[in-house]
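Below is one structure, written out as structure tokens; comments come after it.
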Amino acid sequence: MDKIKTRFAPSPTGWLHIGGARTALFNFLLARKMRGIFLLRIEDTDRTRHDESAVGKIIDDLRWLGIQWDEGIEVGGPNGPYRQSERLEIYREYVNRLIQDGLAYYAFDTPEELEQMRARARAEKRDFRYPRPSEFPTPEDVKKARAEGKPVVVRFKTPQRDVTIHDEVFGEVTVSSNVQDDFIILKDDGWPTYHLANVVDDGLMGVNFIMRGQEFLSQTWRHVQLREALGFPEPRYAHLPLIMDMSGKKLSKRTGAVEVHAFRTAGYLPEALINFIALLGWTPGGDKEKFTLDELIEYFSIERINKANAKFDSDKLLAFNTAAIAEAPEDRLLEAFKDFLSLNDTPIPADDDELLKYLLRINKGFRTFTDIVNKCAVLFMKDDEFEYDQKAVKKVLAANDGAGFSILAELREKLAQCEWNQQELQRLIEGMCEEKSVGMGKIAQPIRVAVTGKTVSPAIYDTLMILGKEKTLARIERCLKMHSR
RNA sequence: GCCCCCAUCGUCUAGUGGUUUAGGAUACCAGGUUCUCAUCCUGGCGACAGGGGUUCGAAUCCCCUUGGGGGUGCCA
């Protein structure tokens, strides 16, 4: 049997979507598993929704995820170019051939006319099918239509026969000939539609295994019909169940983060995201659910792809991420942390590896890199730059007739004389606890609020060590002054 | 409207006719650890959509109903 060749063919209209990432991942996994080829092609035939920056964004996030392609955009290969906008002549050639063979024909309907026909069909409770003319327009008709400013498109003369798709996930799906109609393959602007470009490219590029979202399943008949008319060999098909949001609707921006980049920016690890989306619509069976990319390649199989749609539960992703972080080696974490910092504007200096490693260590148990920023950013701000959370001040410092403030005032003197290292600070604070026979919280919290303005920060000794003596004292001073005012 | 697809805890899923009082994870609830948050530990709650068949036996096979999703574009 031929070497398997899969592809991911995104349309550059925005960021890489979770659903797209899952499709890319499965295609990648299958290709690797079967020692085949994974190809990346850009399908940019819609010039109205085209966003040139999206190409780079999609490529960058795919690489971040660790999904690598063997052929295609940027890496090259024998079947380029890998951008449909650079292949326009090829599509024209195929369209012309179809027209010459009487397998496609010109049409001049305006969008308004088509809408009217559809409205009529709806009113008569039947589905709309484009009425094929008894005689196809001649080249003279086309000239005339152009002169009159009418739109000129090319429609495929769909052969009248039922089409059965042998889908490797959903089984045999037969589409009756009487729901198929003559769809457009070349638009008024001279660009091909998705169906035409997609089929031509898959054929020319030797793609023999098509795995994509289920939304295409009920349209696959178009590709089957076109492919046969064009004479390309039959590929294998596998459609993937859709990923829905928690309300059961198609994943969309309105209902939360669905872009891979959003999770990258929020401080997720790509390995966690990969592991999680791999399990959306697929399972290796059994109870194991933590997988590295290499393990996914090892376990992946088409037979174990589900049919039912999956809901994207970001809570579970968070749990996966937390676990992935806990297991990741320090240097891996450091690398990811720096990527995260480069993407975000934070006061944390991104160029001090030792400091970053220290932050990672003392924040053990964090869920995303954002957690670290939330806890630690204030430590890197100017002493008079951060805000005091008044609720925290009230609860920890002002309550009980300002008990917290009193402790703080006492601490100010002791800290001023303390040698600044973990052991001495610990001795000082624990000593004070014993002296007053109170728990750590009674001492640590007032300090924490005084030096960070919040009730949450790294362990108190770490907090003080990062700040250093000078800043600690300056902040306590500021806090006390605020009180006396 | 018409066409197609799907159906196990809230969610991701295991389960492919008997080994199942339906397992794991997550979420949630209750405890515990802890200087805060997070982590972590222990326990608990929680599902085979409904109805017919087939079979000695059905979550597993068939049919219907219901529910959900997708398609029906000069978008992919």
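Just so we're on the same page: letters track the sequence lines, and every chain starts at 1.
- Among the protein residues, G281(A) comes within range of the sugar-phosphate backbone only, with heavy atoms under 4.0 Å from sugar or phosphate atoms but none that close to a base.
- Nearest to the side chain of V173(A), among U11(B), G15(B), C5(B), sits C5(B).
- Aromatic ring orientation, Y299(A) versus F291(A): perpendicular (interplanar angle above 60°, classes split at 30° and 60°).
- Partner assigned to G1(B) is U72(B), using Watson-Crick or G-U wobble distances below 3.5 angstrom.
- A58(B) and G51(B): their C1' atoms are spaced 15 Å apart (whole Å).
- Searching all strands for a Watson-Crick or G-U wobble partner of A7(B) with both distances below 3.5 Å returns U66(B).
- When each of R83(A), R49(A), R87(A) is checked for a salt bridge (Lys or Arg N to Asp or Glu O under 4.0 Å) with D44(A), only R83(A) meets the rule.
- Contacts of S457(A) with the nucleic acid, taken as non-hydrogen atoms under 4.0 Å apart, include base atoms.
- Remark: the separation of the P atoms in U66(B) and A59(B) is 24 Å, to the nearest Å.
- Taking atom NZ on K442(A) and atom C1' on U36(B), their separation rounds to 13 Å, with Å as the unit.
- Protein atom CD1 of I18(A) is 15 Å distant from nucleotide atom P of C12(B), rounded to whole Å.
- Straight-line distance from the CG atom of D245(A) to the P atom of G10(B): 18 Å, rounded to whole Å.
- Under the salt bridge (charged side-chain N to carboxylate O under 4.0 Å, His left out) criterion, no residue pair touches residues 438-466 of chain A, with sequence neighbours excluded.
- Ion pair E115(A)/R122(A) flagged as a salt bridge, since at least one NZ, NE, NH1 or NH2 atom sits closer than 4.0 Å to an Asp/Glu carboxylate oxygen.
- Taking the six-membered ring where tryptophan is involved, the planes of F366(A) and F369(A) are tilted, since the angle between them lies from 30° to 60°.
- Comparing the C1' positions of G52(B) and G46(B) gives a spacing of 29 Å, expressed to the nearest Å.
- With rounding to whole Å, K307(A) atom NZ is found 13 Å from U8(B) atom P.
- Counting any heavy atom pair closer than 4.0 Å across all strands shown, K311(A) reaches sugar-phosphate atoms only and no base atom.
- Spacing between C75(B) and G71(B) at atom C1', rounded to whole Å, works out to 13 Å.
- Using P as the reference atom, G31(B) and U21(B) are 33 Å apart when rounded to the nearest Å.
- In the set U13(B), C35(B), U11(B), C35(B) carries the atom at the smallest distance from any side-chain atom of Q445(A).
- Proximity of R22(A) to the phosphate of C12(B): no side-chain N or O atom is located under 4.0 Å from OP1 or OP2.
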Notebook entry, point to check: Once each nucleotide of nucleotides 23-33 of chain B is scored for protein heavy atoms under 4.0 Å, what B/S/- sequence comes out, 5' to 3'?
Noted result: BBBSS------
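- Residue Y299(A) contributes atom OH, which lies 15 Å from atom C1' of A14(B) at whole-angstrom precision.
- Rounded to an integer number of Å, the gap from L379(A) CG to C37(B) P is 17 Å.
- Comparing A27(B) with C12(B), their C1' atoms sit 11 Å apart, to the nearest whole Å.
- Projected onto RNA chain B by closest heavy-atom contact, E124(A) and V456(A) fall at different nucleotides, the more 5' of which corresponds to E124(A).
- In terms of modelled atom types and a separation under 3.5 Å, the side chain of T174(A) and the main chain of T164(A) share no donor-acceptor contact.
- Straight-line distance from the CG atom of D462(A) to the C1' atom of C37(B): 14 Å, rounded to whole Å.
- Between P241(A) and G365(A), it is P241(A) whose nearest contact on RNA chain B lies nearer the 5' terminus.
- Ring orientation note: the planes of H223(A) and H195(A) are tilted relative to one another, at an angle of 30° to 60°.
- Taking 4.0 Å as the cut-off between side-chain N and carboxylate O, K57(A) and E259(A) do not count as a salt-bridged pair.
- As rounded to the nearest Å, G53(B) and C41(B) have P atoms that lie 49 Å from one another.
- Side chains of L293(A) and L29(A) form a contact here, defined as non-hydrogen atoms less than 4.5 Å apart.
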Checklist line | Annotated protein contacts, base or backbone, on nucleotides 67-76 of chain B with a non-hydrogen cut-off under 4.0 Å, one of B, S, - each | finding: --SBSSSBBB
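- Taking the C1' atom of each, C63(B) and U55(B) are spaced 16 Å apart, rounded to whole Å.
- Rounded to an integer number of Å, the gap from CG of L280(A) to P of A14(B) is 12 Å.
- Contact check on E289(A) versus K316(A) returns a salt bridge, with a Lys/Arg side-chain nitrogen under 4.0 Å from an Asp/Glu carboxylate oxygen.
- By the 30° and 60° cut-offs, the orientation of the rings of F276(A) relative to F312(A) is perpendicular.
- G31(B) is paired with C41(B) under the Watson-Crick or G-U wobble criterion, all donor-acceptor distances under 3.5 Å.
- Judged by distance alone, with hydrogens and angles left aside, the side-chain atoms of W191(A) form no donor-acceptor pair with the main-chain N or O of S85(A) at under 3.5 Å.
- Remark: the R122(A) side chain and the C2(B) base include no donor-acceptor N/O pair separated by less than 3.5 Å.
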